[in-house]
Amino acid sequence: MTAGLPDRPPRGILMYGPPASGKDTVTAALTELDPRYVPFTRLKIGKGRTAGYRMSTPAQLAGLEAAGDVVYRNDRYGNIYVVDRPGLEQAMDGGRVPVVHLGQMAGVEQVTARFPAHWTRILLWCSRETTARRSPLRGDTDTEDRLHAWDATRVDLAAHPYARWELRVDTDGTAPREAAKRIDTVVCASPPSA
């Protein structure tokens, strides 16, 4: 991001796309481009991969729900994933710009409605064949489930034809650094109050 941006409300990026569309890779390229971009680590209650998550418990989830601090929750792959208010507040501390990964339009809608900030919406896309190829390469042992999620993402996106995206990136043909530069340009050009 360019230095000297005017004071702005808290900012964040909502990165939507199917499994293996490059959300982690593009986020890593963003953090290399500017350290103010930070990956938002969702809470995860369940099993499987722990890298990239803040592991939590059902009791902690119940406490967040009781306090009204669950911004968005989804259940997938036998786990619970949560975008939480305290986590977002901490991620935005000091002018940082969290990159929140989402695979459901309901998540995009709920985060923008329930957490006041200037959200830049990015759609990352790749073909189903690319998800099938990338999934095992990144260590997934449940590629069939990821392909079902790809199908669900396509249906979800089709059900929201008027969704607003500040940028769409096809990661089949766009290198991660180029995608990061394009996202940074959009974030920096966004109006100060949205």
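In this chain, numbering begins with 1 at the start of the sequence shown.
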I want to check something: taking the side chain as every heavy atom from C-beta on, are R128 and R154 in contact at a cut-off of under 4.5 Å? no
Quick check for you: to the nearest 0.5 Å, what is the distance between L123 atom CG and L167 atom CG? 8.5 Å
Side chains of V97 and D34: closer than 4.5 Å at any heavy-atom pair? no
Tell me which one of H101, R54, M15 satisfies side-chain contact (heavy atoms from CB on, under 4.5 Å) with F40. R54
Flag side-chain contact, heavy atom, 4.5 Å: T25 against R138: no
More than 12 foreign heavy atoms under 6.0 Å from CD of Q90: is that the case here? no
If we ignore hydrogens and angles and just use 3.5 Å, is the side chain of R85 paired with the main-chain N or O of R114 as donor and acceptor? yes
Approximate separation, where rounding is to 0.5 Å, of D142 CG and L147 CG: 9.5 Å
Are the side chain of T31 and the backbone of A28 linked by a donor-acceptor contact shorter than 3.5 Å? yes
If we ignore hydrogens and angles and just use 3.5 Å, is the side chain of K44 paired with the main-chain N or O of K47 as donor and acceptor? yes
Main-chain N/O of D140 paired to R49 side chain as donor or acceptor, under 3.5 Å: no
I'd like to know whether CZ of R76 has more than 12 heavy-atom contacts from other residues, nucleotides or ligands below 6.0 angstrom. yes
What are the two closest non-hydrogen atoms of S127 and T130, and how far apart are they? OG-OG1, 2.9 Å
ILVMFWY cluster, V83 and W119 together (side-chain gap under 4.5 Å): yes
When you measure from the side chain of E178 to the backbone of A175, do you find a donor-acceptor pair of N or O atoms at a distance under 3.5 Å? no
Tell me the closest heavy-atom pair linking F115 and M92, and the distance in Å. CE2-SD, 3.6 Å
Shortest non-hydrogen separation from L43 to S56 and the atoms involved: CD2-CB, 4.1 Å
Could you check whether any side-chain N or O of R182 sits under 3.5 Å from a backbone N or O of A179, counting only pairs where one atom can act as donor and the other as acceptor? no
From Y72, Y16, Y81, residue fulfilling side-chain hydrogen bond (donor to acceptor under 3.5 Å, both in side chains) relative to Q104: Y72
Just by modelled atom types, is the V100 backbone N or O under 3.5 Å from a matching donor or acceptor in the K23 side chain? no
Has R134 got a side-chain atom pairing as donor or acceptor with A20's backbone, closer than 3.5 angstrom? yes
Nearest atoms (heavy-atom pairs only) where R11 meets V187: NH2-O, 2.6 Å
Linking I/L/V/M/F/W/Y whenever any side-chain heavy atoms sit under 4.5 Å apart, do V82 and V111 land together? no
Hydrogens and angles aside, do N79 and Y53 bring a side-chain donor and acceptor to less than 3.5 Å of each other? no
Quick one: does any side-chain atom of D145 pair with a main-chain N or O of Y77 as donor and acceptor, under 3.5 Å? no
Heavy-atom side-chain proximity of V99 to P39 below 4.5 angstrom: no
Hey, could you give me the NE2/CD1 distance between H118 and I13, rounded to the nearest 0.5 Å? 9.5 Å
Do you know the tightest heavy-atom contact between L102 and V108? CD1-N, 3.6 Å
Closest approach of C126 and D170, non-hydrogen atoms and distance? CA-OD1, 4.3 Å
Find the distance between CD1 (I183) and CG (L33) and round it off to the nearest 0.5 Å. 10.0 Å
Measuring from W150:CH2 to T143:OG1, what's the distance to the nearest 0.5 Å? 15.0 Å
Linking I/L/V/M/F/W/Y whenever any side-chain heavy atoms sit under 4.5 Å apart, do I80 and V71 land together? no
If you define the side chain from C-beta out and look only at heavy atoms, does anything of P86 sit under 4.5 Å from L64? yes
Roughly how far, to the nearest 0.5 Å, is the CG atom of D172 from the OG1 atom of T131? 8.0 Å
After noting the C-alpha distance and the side-chain angles of V70 and L61, does the key distance pass the side-chain contact (heavy atoms from CB on, under 4.5 Å) rule? CA-CA 8 Å; V70 172; L61 174 60; 4.1 Å; yes
Donor-acceptor contact present, side-chain T174 to main-chain T171, <3.5 Å: no
